[in-house]
Amino acid sequence: MPGIGVRYDLTTREHRHLSVVAHRDGSRTLSAYRRDDPDACALSVHLTGQEAEALVDALTPTHHSPTLLSTTELGLVAERIELSGTSHWNGRLLGDTRMRTETGVSIVAVLRRAEAIPSPGPGFRLAGGDTLIVIGTREGVDAAAAILGRE
């Protein structure tokens with residue numbers, strides 16, 4: 001939606017149509033459409049960014065990330081981040097990412113195939129398909145995902 005934001009559509013298992021417009025200012029519009037006329041809006045609710053976050057937390061108490069492992073009242077999260085085969089870091093040393101220095105997160109384990117490598121050191125060589133278990137603030141984990149997603 002040029003100039004407005006991004007629209008996400010969902011059809012539920014019960015064949016109900018929902019949409020969310022993520023506005024550029026961070027607000028959201030949640031709309032539900034009539035079952036007998038999927039083009040007719042039955043409900044439309046405009047939410048501020050904070051209200052949208054509260055709704056996400058209410059719908060998915062483990063936060064909005066399917067890779068999230070846990071969260072605490074201290075503001076820390078543990079999350080899985082997968083390293084793609086085309087990642088810039090594929091075949092490079094973990095220390096080369098400067099992950100802790102740049103983001104403040106700790107990489108507590110790496111899952112590789114059927115193996116778990118706890119507490120990998122800076123000399124650990126990363127490989128495409130690795131899943132890194134990271135712990136840090138929400139912002140730090142998001143920054144770590146951006147660094148690891150570099151191609």
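Start at 1 with the first residue, then count along the sequence. Because the structure is a prediction, the values reported are computed rather than measured.
A distance of 11.0 Å separates CG in L94 from CD1 in I117, rounded to the nearest 0.5 Å. The line from CD of E79 to CD1 of I135 is 11.5 Å long, rounded to the nearest 0.5 Å. Once rounded to the nearest 0.5 Å, the distance linking OG1 of T97 with CH2 of W89 reads 6.0 Å. For the atom pair L83 CG and R112 CZ, the distance stands at 9.0 Å (nearest 0.5 Å).
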request  = Let me see the working for R7 and V21 under side chain to side chain contact (heavy atoms under 4.5 Å, CB included), right down to the final yes or no.
outcome  = CA-CA 4 Å; R7 179 178 166 155; V21 175; 4.2 Å; yes

request  = Go through R80 and I133 one step at a time and tell me if the side chain to side chain contact (heavy atoms under 4.5 Å, CB included) criterion holds.
outcome  = CA-CA 5 Å; R80 296 180 174 126; I133 308 298; 3.5 Å; yes

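When each of L148, T131, L132 is tested with E82 by the rule side-chain contact (heavy atoms from CB on, under 4.5 Å), just one qualifies, namely T131.
Nearest approach of P122 to L93, heavy atoms of both residues: O-CB, 3.6 Å. Between S44 and T29, the closest heavy-atom pair is OG-CG2, 3.5 Å. In this structure, T103 and A143 approach most closely via the heavy-atom pair CG2-CB, 3.7 Å.
A 4.5 Å side-chain heavy-atom check between D130 and F124 finds at least one atom pair inside the cut-off.
Put simply, V45 and V20 are part of the same group of oily side chains (I, L, V, M, F, W, Y) that touch within less than 4.5 Å, one to the next.
With sequence neighbours excluded, the residues that form a salt bridge (Lys or Arg N to Asp or Glu O under 4.0 Å) with R98 are E102. Looking at residues two or more places apart in sequence or on another chain, you find no ring pair (Phe, Tyr, Trp, His ring centres under 6.0 Å) involving H88.
A donor-acceptor pair under 3.5 Å links the side-chain atoms of T12 to the main chain of E14, judged by distance alone. A donor-acceptor contact shorter than 3.5 Å is absent between the side chain of N90 and the backbone of S87.
Sequence neighbours left out, the pairs with a member in residues 31-52 that pass ring pair (Phe, Tyr, Trp, His ring centres under 6.0 Å) are H17-Y33, H23-H46.
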